[in-house]
Amino acid sequence: MTGLLEVEDLHVWFDLQDGGELHAVQGVSLSVEPGERLGLVGESGCGKTTTALAVMGLLPPSASVAGRVLLDGEDILAGGESTIRPHRWVDVAIVFQGAMNALNPVRTVASQIVEALELHGRARGAQARAEAGELLESVGIPAGRGERFPHELSGGMRQRAAIAMALSCRPRILIADEPTTALDVMVQAQILELLDALCRDFGLALLLVTHDLPVVAQLCDQGTVMYAGEIVERGSVDDLFHAPRHPYSRLLFAATPDLDGEGDEVASIPGAPPRLDRPLAGCPFRPRCDSAFSPCASLRPRLQTVGDRHAAACHLNGVPAEAAR
Ligand code: SF4
């Protein structure tokens, strides 16, 4: 892989109060090229947000991480906080789920952007205030509104302010975690248009974390589907929507009511994902799979290439020789 951002064999475990461990991310590898837009999709709890937070080095102390996160070939997780800090917000920035999580409720939004600019040595004083105004205008917030507190802004304006904060150091990669959740349909469309324009205008690469498939169809070139902490399929958005090679992807995409942006929920699939605090035998999707056959009970499927930049982890694409015997 030669991406701007490469995640290699990422694992994340969380310590549980009963002394056990929850294996939330299980060997995730992905690559984002300069200017590329990659959607990371799946149901709640599949590990997509944990993957994003691991890339940013922002997981809580109860998490253990293994694997590599390469930025321009440098492993930014190798030295812990000392190696990630110079790149966090400067090269890779995140828009957190829920704008209020990113904004300080007792500071005006402009002052928070000024603080971010000064903290990272991008600008000081009057210059920082001018840049904050420009940033807010670039996301559609008139400069005067920057003097308001987050609670004085609408949900859409808060999300725009959170995006402006994330862009304050002109990162090359933006991670957007469920950027349209909790917004009404009109505002969702506006935020997606904004992200689209910002990616074009700033040459940003985008890692979009979402359960919302129409959002991926609208914004992304490539998609990665996660299930139970693993990647089960990846490929172009066209391949995933029109020629999925994993039953989970097929059920997800077939059940999406409108790929032009009108659906706002991933349709439910019968059953529930497996618990990740105990070992799994065979395919994690087997209890919910309408295509399961005998090897699925005992043999864990691995990602295998099924086309150009298209891979799926399902025995329907070929059973390893040891299972066929
Ligand atoms: Fe279904 Fe078997 Fe494929 Fe798993 S490996 S998704 S159980 S067919």
Side-chain angles (χ1 to χ4, degrees), residues 7-13 22-31 38-51 67 209-214 216-217 220 222-257 259 263 265-325:
V7 176
E8 291 184 356
D9 197 23
L10 183 74
H11 291 259
V12 178
W13 298 264
L22 188 146
H23 197 175
V25 176
Q26 305 185 13
V28 163
S29 297
L30 54 85
S31 175
L38 173 66
L40 193 55
V41 300
E43 294 165 298
S44 288
C46 71
K48 54 192 191 302
T49 292
T50 303
T51 299
V209 175
T210 183
H211 69 283
D212 196 337
L213 300 174
V216 174
C220 296
Q222 298 285 319
T224 293
V225 181
M226 288 189 70
Y227 183 77
E230 294 183 340
I231 291 176
V232 295
E233 184 159 5
R234 65 168 163 240
S236 69
V237 165
D238 198 43
D239 280 340
L240 292 177
F241 277 94
H242 299 297
R245 298 290 293 270
H246 191 287
Y248 178 61
S249 311
R250 174 169 50 76
L251 289 168
L252 275 184
F253 295 109
T256 301
L259 299 188
E265 286 291 330
V266 171
S268 64
I269 297 171
R275 292 180 57 162
L276 300 179
D277 59 349
R278 52 189 63 170
L280 293 170
C283 174
F285 190 59
R286 187 178 65 90
R288 306 172 77 186
C289 183
D290 56 9
S291 306
F293 59 122
S294 56
C296 309
S298 56
L299 196 67
R300 190 84 172 245
R302 300 294 171 201
L303 267 184
Q304 56 180 303
T305 301
V306 294
D308 183 32
R309 293 194 76 184
H310 190 183
C314 172
H315 295 316
L316 291 173
N317 300 303
V319 178
E322 66 264 31
R325 279 197 291 269

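Atoms within a ligand are numbered from 1 in the order they appear, just like the ligands themselves.
- Contact check for Arg300 versus Pro284: side-chain heavy atoms found under the 4.5 Å cut-off.
- Counting only residues at least two apart or on different chains, the salt bridge (Lys or Arg N to Asp or Glu O under 4.0 Å) pairs with a member in residues 308-320 are Glu36-Arg309.
- Residues forming a ring pair (Phe, Tyr, Trp, His ring centres under 6.0 Å) with His23 (at least two apart in sequence, or on another chain): His11, Trp13.
- Residues satisfying the salt bridge (Lys or Arg N to Asp or Glu O under 4.0 Å) criterion with Asp9, sequence neighbours excluded, are absent altogether.
- The aromatic rings of Phe285 and His246 lie tilted to each other, with the angle between the two planes from 30° to 60°.
- Protein-derived N/O/S atoms nearer than 2.8 Å to atom 1 (Fe) of ligand 1 total 1, waters excluded.
- The closest donor-acceptor contact from the side chain of Asn317 to the backbone of Val306 lies at 3.5 Å or more, if one exists at all.
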